[in-house]
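Here the structure is laid out as structure tokens; the discussion comes afterwards.
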Amino acid sequence: MSEERSLNFIEEIVEEDIRAGKHGGRVLTRFPPEPNGYLHIGHAKAICLNFGLAQKYNGKTNLRFDDTNPTKEETEYVDSIKEDVKWLGFEWAEELYASDYFDQLYDFAVKLIGKGLAYVDDSSAEEIAAQKGTPTEPGTPNQYRSRSIEENLQLFAEMKDGKYPDGAKVLRAKIDLAAPNMHLRDPLMYRIKHAHHHRTGDKWCIYPMYDFAHGQSDAIEQITHSICTLEFVPHRALYDWFIEQLEIFPSKQYEFARLNMTYTVMSKRKLMQLVNENHVEGWDDPRMSTISGLRRRGYTAASIREFCERIGVAKRENMIDVGLLEFCIREDLNKTAWRRMAVLDPIKLIITNYSEGQTETMHGENNPEVEGGEGGRDIPFSKELWIEREDFMEEPPKKFFRLGVGLMVRLKSAYIVKCEGFKKDADGKVSEIYCTYIPESKSGDDTSGIHVKGTIHWVSVQHAKTAEVRLYDRLFKVEDPSSEEGDFKDYLNPDSLQILPNAYIEPDMVNALPGKGYQFIRKGYFTLDKHSTPDKLVFNRTVTLKDGWVKKG
RNA sequence: UGCCUGAUAGUAUAAUGGUAGUACGACGGUUUUUGGUACCGUUUGUCUAGGUUCGAAUCCUGGUCGGGCAACCA
């Protein structure tokens, strides 16, 4: 197959570089998360991009933790990030940390001071902000800007040695206070933070800023293509400036548009708020856009990779319909999930002409999408069955292919039945449905000659097992909660989780495997929740089946 | 008022001066022991005004609209 697939703009850059013999054709990318939260589907896009690029062009990818702010970073996050990247199916060449380079970064800073390109500033944060000017007015230099190299060297060493409290001094690059690009107006390189670092402990009390750590780390690792999101475009000039002045490996930064998805939020800050304020059960709540949440919900790694492939990579702002993610998981699960029957909202159906106490064993295949069905399982059948309440109507409309008095349906993998009547309880609610079955219509051995439009699922009352089933809906009521008036949490969907404590499942489901997807026929795809136990089975609905039946009138 | 970016069906994404294509969605149909799947079909698009050219989504100029930038965050 030589199916021609078009390249995205980053692949074009890489191919051009390879063609030009840049770096001897070597490709080395990196995925550089800050370990201050859990990874979400937006990170998955970056992961697939970075690792995918390396795979495609015989390169490698480093996993580098951008841990330059000790007050926000924790080992718990490091561990979850590694787990998520692995689960997505990628292997990094090296596991690295920006904090591994603190000594080297310190030397880089000394070098810049020595070149007269950095100075220690005693101003407060407010003063520095004020002196930076505004986008339309240039900044103004202060008295510290003209300190001698010797004085700067000494002061910076003292900063490192812990002689000053937090905020007393910073190290700044001496570039241009009138630069149109605000990031070039003498940006901060180091700040004092007497804080414990999750890896370097108390060794340091000064920590480099992002701009004086990221590009330098890229250069140290000899990253060829440093890919990040659009908000870093204005940082690129600084990225290049430091590399040039330091005379280190010329890594290049390229930017793509981050992923936005409808009906969710995609920033660690907001996701953390949802967790901390208990709007969700945790970072891995199945409604969260986190990788761990999607995994617990029943999404497969393959479906997420496919999603990242389909959304593409470009430089324009985008808002992806969450429906595309749902399409990807349905497409995957349709081919792999075993079919089972479960009744979520039960009502009893009694077959009046079926003998009391009689049972039969029906057979159902595991997966009709696969040749041979991938084997099958036995399904016990008896006089009393649970069926879905919505599969019966007292006054069915014209195209209702389910039950109503006088209507016939096929019970999946069993007999055709005809509805003869029903009973209501004291509240006027339908409590039992009465049918007769057609003995000649047994599945696989049907000589009745009868053809019905509808097939419904069922579970034998005396053989049914119970399970808790959790139905998830979108977390927010609006497409883009972040762009709405007021707080994004005002737009949370109050009905995003519906718990059904007593659903009936066919007995074979006690053998359900954790991590495997099942299709509850006609209801959707489900998977075992992490809190499920043999005594109390708990299933999460991953996604519904596409519903082509639109009620009319 | 400055600088940086971007603009192609509803949503994404191709077409790299030469027939505007693909996917998801929507709509309609065929098949079906899941109103699922599969298959077939239909629908809708180059922000705008000029210019260059035999020919412009693509190149040039002006405008319009969107996003980002003034954290001791990344």
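Heavy-atom basis, side chains included; hydrogens, waters and symmetry copies ignored. Sequence lines set the chain letters: A, B, ... in the order given, protein chains first and strands last, and positions in each chain run from 1.
- Taking atom P in both B/U61 and B/C4, one finds a spacing of 14 Å when rounded to whole Å.
- Taking atom C1' on both nucleotides, B/G68 is separated from B/U11 by 23 Å, rounded to a whole Å.
- Taking atom P on both B/A15 and B/A9, the two are 16 Å apart, rounded to the nearest angstrom.
- You'll find the ring centres of A/Phe108 and A/Phe242 outside the 6.0 Å limit.
- Rounded to whole Å, the separation between the C1' atoms of B/A56 and B/A20 comes to 12 Å.
- With respect to A/Trp338, the side-chain hydrogen bond (donor to acceptor under 3.5 Å, both in side chains) criterion is satisfied by exactly one of A/Glu365, A/Gln519, A/Glu374: A/Glu374.
- As a whole-Å value, the separation of A/Ile320 CD1 from B/G25 P is 14 Å.
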(request) Go ahead and write out RNA chain B as dot-bracket, 5' to 3': ( ) for pairs within the strand, [ ] for ones crossing earlier pairs, | when the partner sits on another strand, dots for unpaired; Watson-Crick or G-U wobble, both distances under 3.5 Å. (result) .((((((..((((....[..)))).(((((.......)))))....(((((..]....))))))))))).....
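- With C1' as the reference atom, B/C72 and B/C65 are 36 Å apart, rounded to whole Å.
- Taking the ring axis of A/Tyr97 as reference, the NZ or CZ atom of A/Arg199 stays within 45° of it and closer than 6.0 Å to the ring centre.
- Taking atom CZ of residue A/Arg185 and atom P of nucleotide B/C4, one finds them 13 Å apart after rounding to whole Å.
- When rounded to the nearest whole Å, the span between CG of A/Asn8 and P of B/A12 equals 17 Å.
- Side-chain atoms of A/Ser443 come within donor-acceptor range of the base of B/U33, with a qualifying N/O pair under 3.5 Å.
- For the pair A/Lys169 and A/Tyr164, the cation-pi criterion (under 6.0 Å, within 45° of the ring axis) is fulfilled.
- Ring to ring, A/Tyr207 and A/Phe212 are not that close: their centroids are 6.0 angstrom or more apart.
- Counting non-hydrogen atoms under 4.0 angstrom, A/Arg316 reaches a base of the nucleic acid.
- In this structure, A/Ile521 reaches the bases: a heavy-atom distance under 4.0 Å links it to at least one base atom across the strands shown.
- Closest to the A/Val233 side chain, of the nucleotides B/G2, B/C4, B/G6, is B/C4.
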(request) Dump the intermediate steps for side chain to side chain contact (heavy atoms under 4.5 Å, CB included) on A/Leu271 and A/Arg269, then the final yes or no. (result) CA-CA 6 Å; A/Leu271 293 171; A/Arg269 200 192 99 247; over 6 Å; no
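- Rounded to an integer number of Å, the gap from CZ of A/Arg258 to C1' of B/G6 is 16 Å.
- Of the candidates B/U11, B/U34, B/U13, the closest approach to any side-chain atom of A/Asp321 belongs to B/U11.
- A straight line from CG of A/Asn318 to P of B/U8 spans 11 Å, rounded to a whole angstrom.
- When side chains are defined from C-beta on, A/Arg340 counts as touching A/Met509, because their heavy atoms get closer than 4.5 Å.
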(request) Take A/Tyr518 and A/Thr527 through the side chain to side chain contact (heavy atoms under 4.5 Å, CB included) test and state the conclusion after the steps. (result) CA-CA 6 Å; A/Tyr518 295 89; A/Thr527 197; 5.6 Å; no
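- Whole-Å rounding puts the A/Phe9 CZ to B/A15 P distance at 13 Å.
- A cation-pi arrangement is found for A/Lys270 relative to A/Phe488, the charged atom lying closer than 6.0 Å to the ring centre and inside a 45° cone about the ring normal.
- When the options A/Glu360, A/Glu440, A/Arg410 are evaluated for a side-chain hydrogen bond (donor to acceptor under 3.5 Å, both in side chains) with A/Tyr415, the one that passes is A/Glu360.
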(request) Do nucleotides 69-74 of chain B as a string where each nucleotide becomes B, S or -: B if the base has a protein heavy atom under 4.0 Å, S if just the sugar-phosphate does, - if no protein is that close. (result) SBSBSB
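- Ranked by how close their nearest RNA chain B nucleotide is to the 5' end, A/Ile311 and A/Asp445 are led by A/Ile311.
- What separates NZ of A/Lys315 from P of B/U13 is a distance of 13 Å, to the nearest Å.
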(message) Could you go through A/Arg339 and A/Glu506, starting from their C-alpha distance and side-chain angles, then the distance that decides it, and tell me whether this counts as salt bridge (charged side-chain N to carboxylate O under 4.0 Å, His left out)?
(response) CA-CA 11 Å; A/Arg339 271 58 169 175; A/Glu506 61 170 270; over 6 Å; no
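- Closest approach of A/Trp386 and A/Val343 over heavy atoms only: O-CG2, 3.5 Å.
- Between B/U58 and B/C73, the distance separating the two P atoms is 45 Å to the nearest Å.
- Both A/Lys523 and A/Gly312 lie close to RNA chain B; mapped to their nearest nucleotides by heavy-atom distance, the more 5′-ward contact belongs to A/Gly312.
- For the pair A/Lys418 and A/Tyr437, the NZ or CZ position fails the cation-pi test of under 6.0 Å to the six-membered ring centre and within 45 degrees of the ring normal.
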(request) Scan nucleotides 35-42 of chain B nucleotide by nucleotide, 5' to 3', and note B when protein non-hydrogen atoms come under 4.0 Å of the base, S if they reach only the sugar-phosphate, - if neither. (result) BBS-----
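- Among all heavy-atom pairs drawn from A/Ala342 and A/Phe520, the shortest one is CB-CD1, 3.5 Å.
- A gap of 16 Å separates the C1' atoms of B/C59 and B/U46, to the nearest Å.
- Of all nucleotides listed (B/C24, B/A12, B/G67), B/G67 comes nearest to the side chain of A/Glu317.
- For the P atoms, the distance from B/G25 to B/C39 is 13 Å, rounded to whole Å.
- Heavy atoms of A/Val313 sit under 4.0 angstrom from primed sugar atoms or phosphate atoms, though from no base atom.
- One atom, CH2 of A/Trp458, and another, C1' of B/U34, lie 14 Å apart when rounded to the nearest Å.
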